[in-house]
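As a basis for the values below, the full set of heavy atoms in this structure was taken, side chains included, without hydrogen atoms, waters or symmetry mates. Lettering follows sequence order; numbering is per chain, from 1. No experiment lies behind these values; they were computed from the predicted model shown.
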Protein chains: 2
Amino acid sequence: MATIGDVARVAGVSRSTASYALSGKRSISTEVRERVAAAVRELGYTPNAGARALATSQTMVIGLLAQFLRDEFAPAMMQYILGVSDSARELGYDILLVTEEDGTRALRRITDSRMVDGVVLLNVAEHDDRLDILRSAGQPGALVGLPGDPRGVDVFDLDFEATGRLMVERLHRLGHRELILVSQPEHVVERGGAYVWRLRNAAVEHARQRGITVHAVFGSSQQPHIGAELNALLDAHPDATGLLLNNEAAAAALPTVLHTRGLGSPGDLSVIGRYSDEFAKSFSLPFSFIESAPDRLGRMAVDHLVRRIEQSNEAVGGHVVRLVDPEFVDRGSVAAPRAAATGHGR
Amino acid sequence: MATIGDVARVAGVSRSTASYALSGKRSISTEVRERVAAAVRELGYTPNAGARALATSQTMVIGLLAQFLRDEFAPAMMQYILGVSDSARELGYDILLVTEEDGTRALRRITDSRMVDGVVLLNVAEHDDRLDILRSAGQPGALVGLPGDPRGVDVFDLDFEATGRLMVERLHRLGHRELILVSQPEHVVERGGAYVWRLRNAAVEHARQRGITVHAVFGSSQQPHIGAELNALLDAHPDATGLLLNNEAAAAALPTVLHTRGLGSPGDLSVIGRYSDEFAKSFSLPFSFIESAPDRLGRMAVDHLVRRIEQSNEAVGGHVVRLVDPEFVDRGSVAAPRAAATGHGR
DNA sequence: CTGAAAGCGCTTACAG
DNA sequence: CTGAAAGCGCTTACAG
C-alpha cells in the first residue's frame with residue numbers, strides 16, 4: 001500500500017504538505033494541491049486508519065454492545081443495530097459490533113484498548129453491570145434503555161409509562177371498562193427489564209384512577225405456550241373488551257387465537273400492541289400498536305454520542321434522559337365495545 | 001491511560017523488556033516478569049490497539065459486510081451475524097460491522113485503510129460487484145453464498161441443489177407423484193440470488209428423472225399476498241400431495257392457510273420447508289424442514305478466514321468452495337400420501 | 001536474560 | 001505558502 005510518503009515523493013512536496021493538502025487544515029497553493037491530488041489518484045492512496053488513530057487519538061469507530069437475552073425476541077435486535085449502524089455511517093463512523101456474552105469484559109476491552117471513540121449499549125437493564133465500566137472509561141456512552149441510575153451517561157428509550165397510560169386511556173375513552181394486559185415473562189422483569197413493569201404499573205395505576213379494571217398478567221415468550229395462555233385469559237375474563245400486549249410473542253400468536261375462537265377485532269375485542277413497524281410487517285399483524293421505534297432510538301443515541309465525542313462537554317451540556325413519546329399507529333383494531341355501543345354484552 | 005512506557009518505568013525495566021514480558025516472545029527472568037505483571041495491575045494497563053496494529057500490521061478485526069436486500073427476510077440476517085461474531089471472538093477477533101447500502105465502496109474503504117485483517121461477505125449474489133474489490137484487496141475474504149465466479153475467495157454455502165433433490169426424493173420415495181414448489185420471488189433471482197434457481201432447477205430435474213410432476217412457482221415475500229397465492233396454488237392443483245417451500249414468508253403463512261382450508265399435515269399434505277431452526281422457533285412452524293444453518297455457515301467462514309489471515313497461503317492451500325450437505329429436520333409433516341396409502345384420491 | 005534504537009504511517013506544532 | 005522534526009504507543013530486529 002502507498003503511504004503518505006509515497007504521495008509526497010510523487011507530488012514533489014514534503015509529507016506534511018501532502019497531509020495538509022489532504023486535510024485542508026492549512027492553505028495550500030492550487031498547484032500543489034492538484035499535484036498531491038494527482039499523486040493520490042495515481043497511487044490509489046488511502047490513509048492507514050491505525051496510524052491516523054494513533055496520531056489523532058480518534059478512531060472514528062463506535063462500539064456497539066448488543067446483548068442477546070434469553071426469551072427476548074432476537075430478530076427485533078436487528079432493527080436497533082441497523083439504526084445505530086446506518087446513522088453512525090452518515091456521521092463518518094464505523095461500527096465495532098460486540099455480541100459477547102460477558103458484556104462487561106467486552107466493554108472494558110474495547111474502551112481500554114482505545115478501539116472506539118464511544119459506545120452504544122443496547123438492551124440496558126435496571127441494574128446493568130456495564131454502566132460502572134462505562135462511567136470509569138475514557139469514552140462517552142449512550143444507552144438505549146433506561147437504567148435505574150442514569151448518571152454519567154446519555155439515555156434514550158421509549159416512554160413506557162406514557163405508553164401504558166396511553167393504551168388504557170385510549171380504550172377508556174371509547175367506553176371500555178375491563179381490560180387485559182399481557183406483559184413479557186416475569187423473569188424478564190427479574191433480570192432487570194424495567195420497561196415491563198414501567199408500562200404495567202403505569203397502566204394499572206391509570207386504570208385505577210379512571211375506575212376501570214385491568215387484569216395484568218405476565219405471558220410466555222414462546223409461541224405454543226403463549227397461545228394457550230391467551231385462550232385461558234379470554235376464557236377467564238369473558239367480559240373484558242380490550243387486550244393490551246407488551247409481548248411480541250403474544251402479538252404474533254393472537255391472530256390465530258382470535259380466528260380459532262371465532263372472534264373479530266375490533267368487533268369482539270379491541271387490541272393494542274407495542275412493537276415495531278418492522279415487526280408488524282414481518283408477521284403481518286392486523287392490530288393497532290404503539291411503535292417501539294428501534295431505528296429512531298438507535299439514531300438518537302448515535303447522534304448524541306457523536307456530539308459528545310466531537311464537542312466539549314460544556315458545549316453538549318449535562319447528560320440527558322430522553323424518553324420518546326409513544327406514537328399510536330392505527331390499524332383499525334380499536335373501537336367502542338359492543339356492550340357500550342349496543343347495550344348488549346358480547 | 002497508562003502506556004507501556006509507564007509500565008516499564010514502574011517495573012524498573014526497559015520498554016522492550018516490558019513488551020516481551022507481556023507477549024512472552026522471548027524468555028524473561030521470573031523476577032522481572034512478576035515486576036512487570038505487578039506494574040500492569042497497578043496501572044491498569046491495556047495495550048493501545050491502534051499502536052499495536054501499526055507496529056504489527058495486524059488489527060485483530062474482521063470486517064463483516066451485511067447486505068439488506070429488498071424482499072429478503074431481514075430477521076434471518078441476525079443469525080448469520082451472530083454466527084460470525086461469536087466465532088470471531090473465540091478466535092480473538094473483533095467485528096467491524098458494515099451495513100452500508102453501497103457495499104463496494106464500504107469494502108474498499110475498510111480494506112484500503114487497513115481497518116481489518118480480512119473480510120466476510122454475507123448474502124453474496126451470482127454476480128457480486130464486491131468480489132472484484134475483494135480480489136484486488138490486500139486482505140483475504142470468505143463468502144457466505146456461492147457466486148458465479150468464486151476464484152480467489154473461500155466460499156461457504158448450503159448445497160441448494162442437493163437440497164432440491166433431497167426434498168423431491170424424500171417425497172417420491174413415500175409415493176408422492178405430484179408436488180408444488182414455492183420459491184422466493186422472481187426478482188430475487190433477477191438480482192442474483194442464485195440459490196433460488198439452484199434449488200428449483202435441481203428439484204425440477206430430479207422430479208423429471210423420477211417421472212413425477214413438480215409445479216414450480218415463484219411466490220411473494222410479503223405475508224398477505226403469499227397467503228392468497230398459496231390458496232390459489234392449492235386450488236389449481238388439487239391432486240398435489242406435497243408442498244416444498246424455499247420461501248420464508250410462505251412457510252410463515254402456511255399454518256393459517258391450512259387451518260382455513262381445513263387441511264392437516266401430513267394427513268392431507270406433506271410439507272418440507274427450507275429455513276433455519278431459529279426461524280422455525282420464532283414462528284413456531286410445525287413443518288419438517290431443511291436447516292439452512294446460518295450460524296454454522298458463519299462459523300465455517302470465520303474459521304477459514306482466520307486460517308488465511310494467520311497462516312501462509314501454502315499452509316492453508318487453494319481456495320475452497322464448501323457446500324454444506326442439507327440436513328433434514330423431522331417435525332412430522334411428511335408421510336405417504338393418502339392416495340398411495342388408501343387407494344383413494346383426497 | 002536485557003536494553004537502546006529503529007520503525008510502523010500518520011498529524012501537527014514549530015520555524016521560516 | 002511550505003518543510004524538517006517530533007511524537008502518538010506499540011513491536012522487534014540488533015547488540016551485548
> I need the minimum non-hydrogen distance between Glu100(A) and Ala106(A), along with the two atoms involved.
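Looking at all heavy atoms of both residues, the closest pair is OE1-CB, 3.2 Å.
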> Let me know the distance between CG of Leu54(B) and C1' of dA6(C), rounded to the nearest Å.
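Distance check: Leu54(B) CG to dA6(C) C1' gives 13 Å.
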> Is it true that a side-chain atom of Arg33(A) and a backbone atom of Ile28(A) form a donor plus acceptor pair closer than 3.5 Å?
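Yes.
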> Taking salt bridge (charged side-chain N to carboxylate O under 4.0 Å, His left out) as the criterion, tell me which of Arg308(A), Arg322(A), Arg307(A) meets it with Asp154(A).
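With Asp154(A) as partner, salt bridge (charged side-chain N to carboxylate O under 4.0 Å, His left out) holds for just one option, Arg308(A).
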> For DNA chain C, report each stem as range with range, ordered by first number, or say none. Use Watson-Crick or G-U wobble pairs under 3.5 Å, at least 3 in a row.
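Expected stems, ordered by start: C:1-3 with D:14-16, C:5-12 with D:5-12, C:14-16 with D:1-3.
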> Are the side chain of Asp94(B) and the backbone of Val61(B) linked by a donor-acceptor contact shorter than 3.5 Å?
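Checked: no pair found.
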> Take atom CG of Asp6(A) and atom P of dC8(C), then tell me their distance rounded to the nearest Å.
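Between P of dC8(C) and CG of Asp6(A): 11 Å.
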> With a cut-off of less than 4.0 Å, is there a side-chain N or O of Ser14(B) near OP1 or OP2 of dT2(C)?
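Result: no.
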> Does atom CZ of Arg108(A) have more than 12 heavy-atom neighbours from other groups under 6.0 Å away?
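Result for CZ/Arg108(A): open.
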> Looking at Arg135(B) and Asp149(B), does any basic side-chain N land under 4.0 Å from a carboxylate oxygen?
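Yes, charged N to carboxylate O under 4.0 Å.
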> Using atom CZ of Arg9(B) as one end and atom P of dA4(C) as the other, report the distance to the nearest whole Å.
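After rounding, the gap between these two atoms is 15 Å.
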> If you assign each of Ala2(B) and Ser27(A) to its closest nucleotide in DNA chain D, which residue comes earlier from the 5' end?
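Here Ser27(A) is the residue nearer the 5' end.
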> Expressed as a whole number of angstroms, how long is the span from Met115(B):CE to dG9(C):C1'?
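One finds 15 Å between C1' of dG9(C) and CE of Met115(B), rounded.
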> Provide, to the nearest angstrom, the distance between the CZ atom belonging to Arg52(B) and the C1' atom belonging to dT11(D).
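That distance rounds to 9 Å.
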> Output yes when Glu101(A) and Arg89(B) qualify as a salt bridge under the 4.0 Å nitrogen-oxygen rule, no when they do not.
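Salt bridge between Glu101(A) and Arg89(B), a charged N being under 4.0 Å from a carboxylate O: no.
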> Show me the protein contacts with nucleotides 12-16 of chain D, counting only N or O atoms at under 3.5 Å.
{"residue": "dT12(D)", "atom": "OP2", "partner": "Lys25(B)", "partner atom": "NZ", "Å": "3.1"}
{"residue": "dA13(D)", "atom": "N7", "partner": "Tyr20(B)", "partner atom": "OH", "Å": "3.1"}
{"residue": "dA13(D)", "atom": "N6", "partner": "Tyr20(B)", "partner atom": "OH", "Å": "3.2"}

> Between atom CZ in Arg35(A) and atom C1' in dG3(D), what is the gap in whole Å?
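After rounding, the gap between these two atoms is 14 Å.
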> Tell me: CE of Met60(B) to P of dT11(D), nearest whole Å?
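Value for this atom pair: 13 Å.
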> Can a side-chain donor-acceptor contact be found between Asp86(B) and Thr99(A) if the only test is distance below 3.5 angstrom?
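Yes, a side-chain donor-acceptor pair sits under 3.5 Å.
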> Check for a donor-acceptor pair, side chain of Asp129(B) on one end and backbone N or O of Thr104(B) on the other, with a separation under 3.5 Å.
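Here the side-chain-to-backbone pair does not exist.
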> Could you state the CG-P distance from Asp112(A) to dG9(D), rounded to the nearest angstrom?
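Spelled out: CG on Asp112(A) to P on dG9(D) is 15 Å.
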